[in-house]
2 protein chains.
Amino acid sequence: MRNKLRLLTPGPTPLPEEVRLALAQDMVHHRKPGFKAVLHRVQEGLQWLFQTTQPVLPLACSGSGAMNAAVWNLFQPGERVLVVEAGKFGQRWTQIAAARGLETTVITLPWGQAVSPARVDEALQADPAIRGVLIQASETSTGVLHPVREIAALTRTRETLLVADGISAVGVSPCPMDEWGVDCLLTGSQKGLMLPPGLAFVALSPRAWTAVEGHPSPKACPVTYFDLRRERDNCLKDQTLYTPAINLLNGLDVSLRLFRERGLEDIFRKQWALTRMTRTAVHALGLEPLVQRAYTWGLTSILMPAGLDGQRLLQIAADRYGVVMAGGQDHLKGRIVRLGHMGHVDFADILAGLYALRQALADCGGHSGSRDYLERGLAAYEQALCVPDVYAAQLHQF
Amino acid sequence: MRNKLRLLTPGPTPLPEEVRLALAQDMVHHRKPGFKAVLHRVQEGLQWLFQTTQPVLPLACSGSGAMNAAVWNLFQPGERVLVVEAGKFGQRWTQIAAARGLETTVITLPWGQAVSPARVDEALQADPAIRGVLIQASETSTGVLHPVREIAALTRTRETLLVADGISAVGVSPCPMDEWGVDCLLTGSQKGLMLPPGLAFVALSPRAWTAVEGHPSPKACPVTYFDLRRERDNCLKDQTLYTPAINLLNGLDVSLRLFRERGLEDIFRKQWALTRMTRTAVHALGLEPLVQRAYTWGLTSILMPAGLDGQRLLQIAADRYGVVMAGGQDHLKGRIVRLGHMGHVDFADILAGLYALRQALADCGGHSGSRDYLERGLAAYEQALCVPDVYAAQLHQF
């Protein structure tokens, strides 16, 4: 193949060489001191990453497993939750809540829109029985960033737990759990963390733990595999309840070290800059991003021109230009292309991605836009890198 | 360190170089044709390994997750199951069944004993309402092999599903699912399969699927992460319901290839020979195995002489001789040492293990037995390798 293969999907994301070597280490036994030291380091790193003093529990499952674990531990059948449903993963909250026997109030939004804090406030005021809000910090199916900080300001003064799916947000854009007052933050390994899928992480606030402990049943969670209380008790002893995914945790140990060497501020800054670069170049190509404002920093969803089949474009981008991107889900299939730019991805990868996008667009008979799309993208990238306060850059989106 | 480090625990087990390189491959996206081809090959290999025509569902979880998945999908609250509890993992069945709201009848046995088919028959005759039997094919906490074939002969003529935890049995000793009439067979990745933990596999018989389909509730399993019906529907399309553990499946693709190149008969023969070697040498050292008859082929539990602390012996074996073995669990902690000999382990590894065992025993002030323990062990190994019918060797244990 003439071009290198480049994985620019919104998860899984490429792996750094250091992580790949760590993944290839031979097995050790997980109840021995050597691995306990790994779990101990990893725990410190995860707390740093989540910006919390609470334990961050590593589970051997995908992100959906962690979503199940959160709902099954935090809520009892018959309790009411408010779900923000603005994409595929919002819908998943509703499905899991229903499976748990919860009553759900759903705020449904067009795919591509973020919820407004006012709408959540209204729903909470209308029904004081709502025990939890289930939301995506970043909705991976569309690329929307929901205003978690603003919603936390509403829930923290009520007896309502805020559960945020941070699968494509943690390590990608700011989400300081303790400072904002998020009650449950979870993520998966295959997005910002530069690891294969197979691990997920869940942290609970002190009042969320109180809710788990206060459940009338002897077991907070009847699903013994997702018993967060027992996972926490093990975590405090540098253990896991069940056999952990050892090689992924070895990889995590390295990826967290790489994160800490760089610092969160620098990582967020790069993500912000890649997002601005992509969006600017997309506009220059005469295309429109699906999300107009409040966009996530790990992927960009690009609307296909009328009559152009996004699935065919994806195929051509991969076959001819070596760039693997993702399509839309459900009713957006064929209508959007999702270009992932989180984790172990840099500006040059995005240049390749944008080039493949433009060429494949032309190969499909589409309009190819301005020729200086890469230059414009790079200018936006450099400018965004120099933003004085990257945290403020996020808040200005809402 | 003078000695190489050798992992001889009963899981996780060492990884072949080919598998480690596969694990270190960079990420691909799991909904693209290339990975579908991996899932397709892996499925063929798993069916061959389980000796079944039914789909073998790969799940991103540990073996305990698969145990949860089996119980939650196959049974409804209020149904009665019979649990064979002869060790830590038998107890786990009871815990999961209770969490699912099942009525349980428990056959409790001293740790180290296998259940007799007559005792199971008696329990089934006494209570025709029993809908399932939950058992370990191999009880990893002790090294006992339960008579799954004989118990299947009892359940297959009744409306009772036989659910066998094959975590340290599949790929280690014969357990042909369809031929024996096992209704649910499951295993994990980190034992016979020469992979890191993080994957588990579940297969159901046609009548077990009928049970899942026939449940009155719209969802067979309220835990959406462990919905086997939807996993099967995806599996038939070379997909998984949720994001799969990609690098582990890449590793599995290679480990299954290695398995098929050798053939099941040859693998079982080696396992049988390593077991005979270990037991013979243990006897020559003046020690007793915990399990007198009906022993598993993947590990040997060795009773410590009175007054000798097994935990201390383990520490010395690791620190001075580079051999990492496991201790006992719960009341057997300190009282047994478990030497694992499954997966990517050969006679020379076991020689090192036996040597470390003898030296550490002497360092702890124990009796060191016959000096020709290795020769005796090797003679037993060679003899066992030449057994005319390795399948018969297993059946003769009961």
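Keep in mind that this is a model prediction, so the values were computed, not measured.
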TODO: Can you tell which part of E17(A) gets under 4.5 Å to a heavy atom of chain B, answering side chain, backbone, both or neither?
DONE: neither
Task: Taking every non-hydrogen atom, the tightest pair across Q95(B) and T224(A) - done: O-CG2, 4.2 Å
Task: Which portion of V324(A) sits near chain B, non-hydrogen atoms under 4.5 angstrom - done: side chain
Open item on the list: Taking side chain as everything from C-beta outward and backbone as N, CA, C, O, which of these in P244(A) sits under 4.5 Å from a heavy atom of chain B? Side chain, backbone, both or neither.
Closed with: backbone
Open item on the list: In the structure I gave you, are the side-chain heavy atoms of R100(A) and P222(B) within less than 4.5 Å of one another anywhere?
Closed with: no
- [ ] Apply the side-chain contact (heavy atoms from CB on, under 4.5 Å) test between D26(A) and each candidate in T13(B), L15(B), L7(B); give the one that qualifies.
- [x] L15(B)
TODO: Could you have a look at G251(A), A60(A), P197(A) and say which one has the most heavy-atom pairs with chain B under 4.5 angstrom?
DONE: P197(A)
Task: Segment of L248(A) engaging chain B (4.5 angstrom heavy-atom cut-off) - done: side chain
TODO: Supply the atom-to-atom distance Y242(B) OH to R92(A) CZ, rounded to the nearest 0.5 angstrom.
DONE: 5.5 Å
- [ ] Please state whether the side chain, the backbone, both or neither of Q25(B) comes within less than 4.5 Å of a heavy atom of chain A.
- [x] backbone
- [ ] Using non-hydrogen atoms and a 4.5 Å limit, figure out which bit of V71(A) sits close to chain B: side chain, backbone, both or neither.
- [x] neither
Open item on the list: Determine whether the aromatic ring centres of residues Y225(B) and F226(A) are separated by less than 6.0 angstrom.
Closed with: yes
Open item on the list: Given heavy-atom pairs under 4.5 angstrom as the criterion, report whether the side chain, backbone, both or neither of L314(B) touches chain A.
Closed with: side chain
Open item on the list: Show the nearest heavy-atom pair for residues K32(B) and A326(A), with the distance to one decimal.
Closed with: NZ-CA, 4.2 Å
Task: chain B contact via M194(A) - side chain, backbone, both or neither, heavy atoms under 4.5 Å - done: neither
Task: Nearest heavy atoms of A24(B) and R20(A), plus distance in Å - done: O-NE, 3.0 Å
Open item on the list: Quick check: closest heavy atoms across P12(B) and I246(A), and the distance to 0.1 Å?
Closed with: CG-CD1, 3.3 Å
Task: Point-to-point distance, once rounded to the nearest 0.5 Å, from OG of S64(A) to CG of D227(B) - done: 12.0 Å
Open item on the list: Between P33(A), A245(A), G198(A), C61(A), who has the most heavy-atom pairs with chain B when the cutoff is under 4.5 Å?
Closed with: C61(A)
TODO: Pick one of side chain, backbone, both or neither for V19(B), based on which atoms fall under 4.5 Å of a heavy atom in chain A.
DONE: neither
Open item on the list: Between R31(B) and chain A, with a heavy-atom cut-off of 4.5 Å, which part of the residue counts as in contact: side chain, backbone, both or neither?
Closed with: neither
